[in-house]
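The sequence lines fix the lettering, A, B, ..., with proteins before strands; numbering per chain opens at 1. Hydrogens, waters and symmetry mates are skipped; everything else that's a heavy atom, side chains included, is used.
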Protein chains: 2
Amino acid sequence: MTERPEDPRRPTIREVARLADVSHQTVSRYLRSREGLKPQTLARIDAAVSELDYRPNLVARYLNTRRTGRLAIVMPELVASNPTRILSGATEAAHEAGYSLELVSFGGGIDARTERLLELADSGQVEGILTLAPIAPSAQGRLGNGAAIVVSADFDDEMRSVGELIDAAPVRDMIERLSGLGHRRFYHVAGDLKYASARARKDAYLEAVDRLGVESAGVFEGDWTARSGFDAMRALPHGALPTAVIAGNDMVAVGVMRWASEHGLEIPRDLSVTGWDDTEFGRFLTPALTSVELDLEGVGRNGMVRLVKAVTGRDLAPSPGPVSRLLWRESTARRDQTPRRLG
Amino acid sequence: MTERPEDPRRPTIREVARLADVSHQTVSRYLRSREGLKPQTLARIDAAVSELDYRPNLVARYLNTRRTGRLAIVMPELVASNPTRILSGATEAAHEAGYSLELVSFGGGIDARTERLLELADSGQVEGILTLAPIAPSAQGRLGNGAAIVVSADFDDEMRSVGELIDAAPVRDMIERLSGLGHRRFYHVAGDLKYASARARKDAYLEAVDRLGVESAGVFEGDWTARSGFDAMRALPHGALPTAVIAGNDMVAVGVMRWASEHGLEIPRDLSVTGWDDTEFGRFLTPALTSVELDLEGVGRNGMVRLVKAVTGRDLAPSPGPVSRLLWRESTARRDQTPRRLG
DNA sequence: GACACAATAGTGACCGGTCACTATGTTGAA
DNA sequence: TTCAACATAGTGACCGGTCACTATTGTGTC
């Protein structure tokens with residue numbers, strides 16, 4: 001319908017060459033690396049470039065080099081946690097490395113996602129893929145000659161992985177401290193166990209509970225949602241209440257807290273609850289949620305740093321600073337001495 | 001470091017042509033539209049294509065057509081609300097239209113963002129841009145010959161806009177109903193007024209308050225964060241408490257609720273609070289938050305539909321169904337008859 | 001001054017598609 | 001039968017860069 005304006009064609013390398021009175025190849029050399037040119041020639045090209053406001057056509061360049069200058073990032077379709085900060089860190093790093101980042105969001109289950117991801121890798125459209133969603137292990141043998149693939153938020157012994165979301169050390173710290181506060185019976189509402197981070201937290205939970213010789217009311221296989229936190233509590237056998245719940249993230253913790261309030265349990269007097277992600281709503285909840293602050297931009301950046309390394313061999317500066325920090329707030333406290341039961 | 005595997009070059013149009021025993025041009029025709037070919041020729045090419053697993057090289061195609069097949073989506077750097085669902089709807093629609101979607105996240109203020117956005121539009125890299133972040137009105141005259149730009153989450157009389165996030169009708173419904181429940185003094189904690197949605201809700205608030213002849217404790221200019229909800233309450237002159245707070249979104253409402261609980265006010269007995277976005281945490285809060293459910297995938301999709309229309313003139317099917325729905329929950333109730341004051 | 005050699009610069013083909021134009025085959029009316 | 005007119009297919013250039021190779025200039029040494 002709307003006619004595009006007529007041919008706003010950008011100047012080409014040959015026009016620059018003509019203006020600078022050199023050959024197109026000299027301009028090409030100038031573009032790739034300014035070495036091997038006489039200062040005088042260089043200056044002439046400099047002038048021509050800025051006069052014409054020349055910018056190289058990356059698409060044309062690709063035809064020879066096979067380098068598209070594009071990476072892709074795959075988002076899980078449904079996410080309880082907010083991937084914005086991860087995306088933000090990832091785009092920044094990608095741009096820093098001179099890449100543009102294509103956003104892909106694959107519906108369907110893990111298998112459909114894996115299939116489409118491999119197709120994308122094989123399409124030649126992108127040089128590498130960072131996926132925030134888990135993919136099927138079956139993919140591992142099929143990476144052959146396509147783009148490099150880095151999986152964040154999940155890992156697999158055979159595949160490259162970021163591994164940072166996976167650091168579950170704070171879970172151990174939580175349980176140690178809570179045990180020191182008199183808690184003897186714990187419960188873990190895990191996130192979606194297709195995610196390595198969820199598996200790592202679960203393992204850390206089991207390890208700590210075992211090591212400290214405290215009781216566990218079990219591990220509930222949730223999916224990062226508040227609903228799953230609520231359901232996890234409901235699934236608990238009557239009379240077998242824990243005094244501390246380690247929730248997979250803040251959202252899950254909200255569900256746990258809701259269940260508690262519906263059953264007349266007061267937090268933290270009757271039940272201590274911990275979250276993960278240090279979300280803003282968690283900080284402003286009543287009681288404010290004990291949680292783990294994550295450097296999510298750093299996670300995104302580091303995933304991208306790995307991908308860039310895999311694709312180009314080039315080392316980008318990773319995110320400085322620690323990835324996680326445990327923040328004690330009002331939702332955790334010394335265990336109440338008088339045992340309660342459901343109202 | 002890692003050597004890329006040697007030349008996994010995909011088959012070209014000429015190889016397909018050779019195998020099908022036609023000219024490359026015939027294959028090219030076949031690719032663009034399968035019309036004007038003898039059924040027999042078509043079948044031969046079909047066979048060759050599938051035998052070679054041929055897929056066209058979109059980059060090469062661009063060189064002639066100037067169509068990159070790429071659109072960009074600009075994310076605000078910091079967002080209180082979760083844009084995931086919008087992104088998801090937008091990518092789906094973009095892919096449906098045969099476009100890939102590039103993710104861009106510009107730091108800096110609105111002016112820096114606008115500058116970089118215009119640069120991107122001018123780069124020829126993308127055919128269109130959908131921005132979820134507001135851009136400066138000054139940009140409007142400068143769209144000249146670059147990519148089409150559609151602004152979601154904001155609008156400007158001169159610029160195309162999605163307009164759907166902007167529908168603030170539920171604000172009117174909220175105030176009407178609350179007024180029917182006996183509320184006479186309202187307060188509005190607006191979102192970032194650089195966003196059209198925030199402005200629209202504010203206008204709807206002022207209009208409804210005025211029309212119904214109820215009192216307003218004012219409008220606080222927040223920024224979509226829980227912190228701003230908390231601060232808004234703190235900024236209220238002592239003794240001038242409203243009985244109902246219309247918060248810009250659920251996150252803001254959480255901040256309001258936190259302040260209330262710190263000051264011994266019980267919700268909804270002493271204060272009714274409404275949110276916006278129907279977040280999962282809002283549903284599981286105690287009390288559960290009255291909020292507005294949004295079809296965010298639909299918002300993303302419709303933004304993209306507009307962009308595709310602007311770029312190609314083609315009409316993609318917009319999202320069906322209504323965009324928002326008001327959900328009454330526990331955080332709103334009949335106004336308590338015995339007036340309270342801060343504890 | 002002559003020569004080898006390095007430092008610079010230029011020429012033309014090519015990447016994988018599309019475009020403009022031409023060539024051939026087919027059909028139907030005169 | 002002939003020829004116009006249409007349907008179908010082919011030829012070669014071109015998009016804007018890079019690559020491989022060749023040509024020219026400059027420098028140092030004998």
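For the pair A/Q25 CD and C/dG12 P, the interatomic distance rounds to 13 Å; values are reported in whole Å. Between the CD atom of A/Q40 and the P atom of C/dT8 there is a distance of 12 Å, given to the nearest Å. For the pair A/R29 CZ and D/dG16 P, the computed distance is 21 Å after rounding to whole Å. Spacing between atom CZ of A/R55 and atom C1' of D/dG16 amounts to 15 Å, rounded to whole angstrom units. A straight line from OH of A/Y62 to C1' of D/dC15 spans 15 Å, rounded to a whole angstrom. Rounded to an integer number of Å, the gap from CD of A/E35 to P of C/dT8 is 10 Å. Following rounding to the nearest Å, A/L52 (CG) and D/dG17 (P) show an atom-to-atom distance of 12 Å. Atom-to-atom, NZ of A/K38 to C1' of D/dT24 comes out at 10 Å; the value is rounded to the nearest Å.
Taking side-chain N and O atoms only, B/T65 has no distance below 4.0 Å to OP1 or OP2 of C/dC19. Regarding contacts with the backbone of D/dG10, every side-chain N or O of B/Y30 stays at 4.0 angstrom or more from both OP1 and OP2. Distances shorter than 4.0 Å separate some side-chain N or O of B/S28 from OP1 or OP2 on C/dT18. Residue B/R32 places at least one side-chain N or O closer than 4.0 Å to OP1 or OP2 of C/dC19. Checking the phosphate oxygens (OP1, OP2) of C/dT18, no side-chain nitrogen or oxygen of B/R67 falls inside 4.0 Å. Distances shorter than 4.0 Å separate some side-chain N or O of A/T26 from OP1 or OP2 on C/dG10. In this model, the phosphate group of C/dG16 is not approached by any side-chain N or O of B/T12 to a distance below 4.0 Å at OP1 or OP2. An OP1 or OP2 oxygen of D/dG16 is reached within less than 4.0 angstrom by a side-chain nitrogen or oxygen of B/R66.
Counting only distance, with no hydrogens or angles, the side chain of B/S28 and the backbone of B/H24 share no donor-acceptor pair below 3.5 Å. Side-chain N or O atoms of A/T312 include none that pairs as donor or acceptor with a backbone N or O of A/K309 at under 3.5 Å.
The side chain of A/S23 has C/dG10 as its nearest neighbour among D/dT11, C/dG10, D/dT18. If you check D/dG16, D/dG17, D/dA9 against the side chain of B/T41, the one that comes closest is D/dA9.
Residue contacts for B/V59: at a heavy-atom cut-off of 4.0 Å it reaches no nucleic acid atom on any strand shown. Within 4.0 Å of B/L37, counting heavy atoms only, lie sugar-phosphate atoms of the nucleic acid but no base atom.
Using a cutoff of 4.0 Å between basic side-chain nitrogens and carboxylate oxygens, B/R301 and B/D295 are not scored as salt-bridged.
Between B/V22 and the choices B/I45, B/L37, B/L42, B/V16, the side-chain contact (heavy atoms from CB on, under 4.5 Å) rule is met once, by B/I45.
Residue-to-nucleotide contacts include a donor-acceptor pair under 3.5 Å from the side chain of A/N64 to the base of D/dG17. Looking at A/R61, its side chain has no donor and acceptor atom pair within 3.5 Å of the base of D/dG16. At a cut-off of 3.5 angstrom, the base of C/dG16 holds no donor-acceptor pair with the side chain of B/R10.
Figure legend: cation-pi geometry between B/R32 and B/Y30 absent, as NZ or CZ is not positioned both under 6.0 Å from the six-membered ring centre and within 45° of its axis.
No hydrogens or angles considered: a donor-acceptor pair under 3.5 Å links the side chains of A/Y99 and A/R67.
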